[in-house]
Amino acid sequence: MANIQKRPNGKWRARYRDLDGKEHARRFERKLDAQRWLDEVTASIVTGQYVDPRAGRITFEKYAKKWEESLIASEAGERITDNALRLHLVPALGSRAMAAIRRNDIQVLFKNLSELLGPGSVRNVYDVLVRVMTAAVEDKVIASSPCRRITLPPTSDEEVTPPTVAQVEAMARVMPPYIRAAIVTLAGSGLRIGELLGLKVSDVDFKAGTIRVERQRLQSGKIGPPKTAKSRRAVPVGEVVTDALLAHLAARPSKEWLFTMEEGKPLNYRRWKTEWSCARKALQAAENGAAEREGRAVELPHMVTHDLRHFYASALIAGGASVKQVQLVLGHASAVITLRIYAHLWPGEEDRTRAVMDAVLGGLRTGCGLGDTATKEIAGQRA
């Protein structure tokens with residue numbers, strides 16, 4: 001039901017009732033404008049695109065909370081969603097009405113985030129926001145999503161360059177004694193740092209030479225499940241790792257957590273990052289001093305903890321491990337992830353490609369006029 005009435009003050013009052021029977025009204029200077037508004041509303045109701053103007057008044061924080069509570073997702077998915085909302089989206093947009101959030105607000109938000117987070121993390125946050133806004137459109141809270149034509153930081157296409165044995169050994173030497181074995185363990189097992197921080201003494205089978213990954217320590221300090229279902233695994237480790245851990249436990253006995261801080265509490269992210277940063281600066285200073293005495297320049301690569309995981313993977317690949325083996329011990333969700341990161345490290349692929357294509361296309365020698373004489377001449381040119 002809709003109608004237009006002229007008011008005593010000369011203005012025109014247009015009103016209609018929505019599908020729930022609620023009345024909506026607006027006043028216009030001209031009857032033409034009132035009729036145009038009613039026509040637009042009627043068309044949106046008929047096509048199923050109608051959105052109650054009052055629905056968009058709900059704040060982003062309230063709507064996002066209701067949306068998150070209704071999700072059915074994996075433990076890893078829930079963690080990513082919660083981090084994105086709690087740490088980034090709600091602080092920036094929480095008090096805003098859903099209908100008041102514009103495309104430029106989103107662009108500014110992600111420009112600021114790109115200065116704080118890596119490209120992958122920025123995209124994770126953006127994906128969560130897109131899902132929230134898409135759900136809001138489907139719930140008729142807003143008419144359209146503001147997440148359109150948003151420019152995000154490009155992801156790096158650079159190939160992984162693992163650290164050398166010498167670089168890993170150097171980092172182990174400059175780390176404080178109470179966590180020196182952690183460097184050896186990370187380099188010799190490929191564990192993620194969160195997985196290492198979540199290890200208990202009982203997770204290490206010194207006789208069998210395995211480390212069982214059952215949990216991880218989150219950046220918040222809490223203990224959670226591994227990153228994915230495939231991350232729950234048993235990782236084979238050599239005697240270098242088990243010997244380092246035995247020596248570590250002899251010096252720092254513990255009945256529960258494998259790695260603890262000097263004051264006895266479980267080692268956490270913040271302490272690890274601090275110690276890693278200090279060790280790298282010390283290593284850089286030592287190298288610079290040696291280079292200055294020898295009259296040469298030196299600049300160490302900017303190693304991060306995750307590079308030790310790359311070191312482990314590269315060592316396995318160099319030793320002839322298959323894609324499936326590398327995937328399983330690293331705990332990747334699929335072999336596709338393993339190949340995307342490490343495909344360039346498998347040796348001999350170019351030679352294998354040439355041999356296969358020569359075998360397949362060998363019959364073209366005659367067809368292209370490459371007889372024995374021509375073939376010998378080409379071979380001579382190659383030599």
Side-chain angles (χ1 to χ4, degrees), residues 160-217 226 231-262 266-267 271-272 275-276 279-280 282-283 286-287 300-301 303-322 324-332 338 341-342 345-347:
V160 166
T161 303
T164 65
V165 174
Q167 289 169 343
V168 174
E169 291 176 345
M171 280 299 293
R173 284 196 303 271
V174 295
M175 284 295 267
Y178 78 98
I179 51 173
R180 187 166 294 156
I183 298 292
V184 180
T185 304
L186 289 169
S189 68
L191 296 186
R192 301 176 178 93
I193 182 58
E195 294 171 343
L196 178 107
L197 298 179
L199 286 180
K200 294 184 176 182
V201 176
S202 58
D203 294 324
V204 184
D205 188 330
F206 291 96
K207 185 175 181 180
T210 60
I211 293 178
R212 184 73 192 173
V213 178
E214 295 285 356
R215 71 199 71 78
Q216 66 171 327
R217 189 174 299 279
S231 297
R232 198 182 298 273
R233 64 200 188 278
V235 181
V237 293
E239 291 183 358
V240 172
V241 173
T242 55
D243 287 350
L245 290 177
L246 285 170
H248 167 73
L249 290 173
R252 299 182 59 79
S254 174
K255 294 182 179 180
E256 188 175 14
W257 300 106
L258 186 59
F259 290 100
T260 57
M261 295 186 282
E262 291 178 305
L267 183 63
R271 179 66 63 85
W272 173 263
E275 297 289 19
W276 177 277
R280 190 184 180 283
L283 186 60
E287 288 294 324
L300 290 175
M303 277 182 64
V304 296
T305 303
H306 206 72
D307 286 333
L308 298 177
R309 184 169 163 85
H310 297 325
F311 172 84
Y312 176 76
S314 66
L316 289 181
I317 293 169
S322 67
K324 191 64 178 178
Q325 286 175 303
V326 177
Q327 176 207 341
L328 290 175
V329 294
L330 289 181
H332 284 157
T338 308
I341 302 172
Y342 301 115
L345 296 180
W346 263 274

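The first residue in the sequence is number 1, and the count goes up from there.
Residues satisfying the side chain to side chain contact (heavy atoms under 4.5 Å, CB included) test with Thr242, not counting sequence neighbours, are Phe206, Val237, Glu239. Considering only residues two or more places apart in sequence or on other chains, Ser322 meets the side chain to side chain contact (heavy atoms under 4.5 Å, CB included) condition with Lys324, Gln325. Applying the side chain to side chain donor-acceptor pair (under 3.5 Å) test to Glu275 and every residue at least two apart in sequence or in another chain returns Tyr178. In this structure, the side chain to side chain donor-acceptor pair (under 3.5 Å) partners of Arg212, at least two apart in sequence or on a different chain, are Glu214. Residues passing the salt bridge (charged side-chain N to carboxylate O under 4.0 Å, His left out) test with Arg271, sequence neighbours excluded: Glu263. Contacts of Trp272 classified as side chain to side chain donor-acceptor pair (under 3.5 Å), with partners at least two apart in sequence or in another chain: Thr305.
Here the closest non-hydrogen pair linking Gly331 and Ser231 is O-OG, 3.2 Å. Listed here is the closest heavy atom pair of Pro163 and Val168: CG-CG2, 4.1 Å. Taking both residues in full, the closest heavy atoms of Trp257 and Pro266 are given as CD1-CG, 3.4 Å, listed atom of the first, atom of the second, then distance.
Using a 4.5 Å cut-off on side-chain heavy atoms (C-beta onward), Glu169 and Ile183 make no contact. Contact annotation: the side chain of Thr185 approaches that of Ile211 to within less than 4.5 Å [non-hydrogen atoms, C-beta and beyond]. Leu330 is listed as a side-chain neighbour of Arg309, based on a closest heavy-atom distance under 4.5 Å. Using a 4.5 Å heavy-atom threshold, the side chains of Pro236 and Val329 count as touching.
Evaluation of the side chain to side chain donor-acceptor pair (under 3.5 Å) test over residues 194-211, restricted to residues two or more places apart or in two chains, returns Arg192-Glu195, Glu195-Arg233, Asp203-Arg215.
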Before giving the answer on side-chain contact (heavy atoms from CB on, under 4.5 Å), spell out for Val326 and Trp346 the whole-Å C-alpha distance, their side-chain angles and the decisive distance to 0.1 Å.
CA-CA 11 Å; Val326 177; Trp346 263 274; 4.0 Å; yes
Working note: Leu283 + Met171, criterion side-chain contact (heavy atoms from CB on, under 4.5 Å); need CA distance, chi angles, decisive distance, verdict.
CA-CA 7 Å; Leu283 186 60; Met171 280 299 293; 3.9 Å; yes
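Atom CG of Leu197 is separated from atom CD1 of Ile179 by 9.5 Å, given to the nearest 0.5 angstrom. Taking OG of Ser189 as the reference point, atom CG of Leu308 lies at 9.5 Å (rounded to 0.5 Å). Between the OG1 atom in Thr338 and the CG atom in Leu345 there is a gap of 11.5 Å [rounded to 0.5 Å].
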Let me check something: any side-chain donor-acceptor pairs from residues 243-253 under 3.5 Å, sequence neighbours excluded? List them with distances.
| from | atom 1 | to | atom 2 | distance (Å) |
| --- | --- | --- | --- | --- |
| His248 | NE2 | Leu258 | O | 2.9 |
| Arg252 | NH2 | Thr260 | OG1 | 3.2 |
| Arg252 | NH2 | Met261 | O | 2.6 |

Acceptor/donor pairs from residues 310-320 side chains to any protein atom, 3.5 angstrom cut, sequence neighbours excluded:
| from | atom 1 | to | atom 2 | distance (Å) |
| --- | --- | --- | --- | --- |
| His310 | ND1 | Tyr342 | OH | 2.7 |
| Ser314 | OG | His310 | O | 3.3 |
| Ser314 | OG | Phe311 | O | 2.8 |

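No donor-acceptor pair closer than 3.5 Å links the side chain of Arg217 to the backbone N or O of Leu196.
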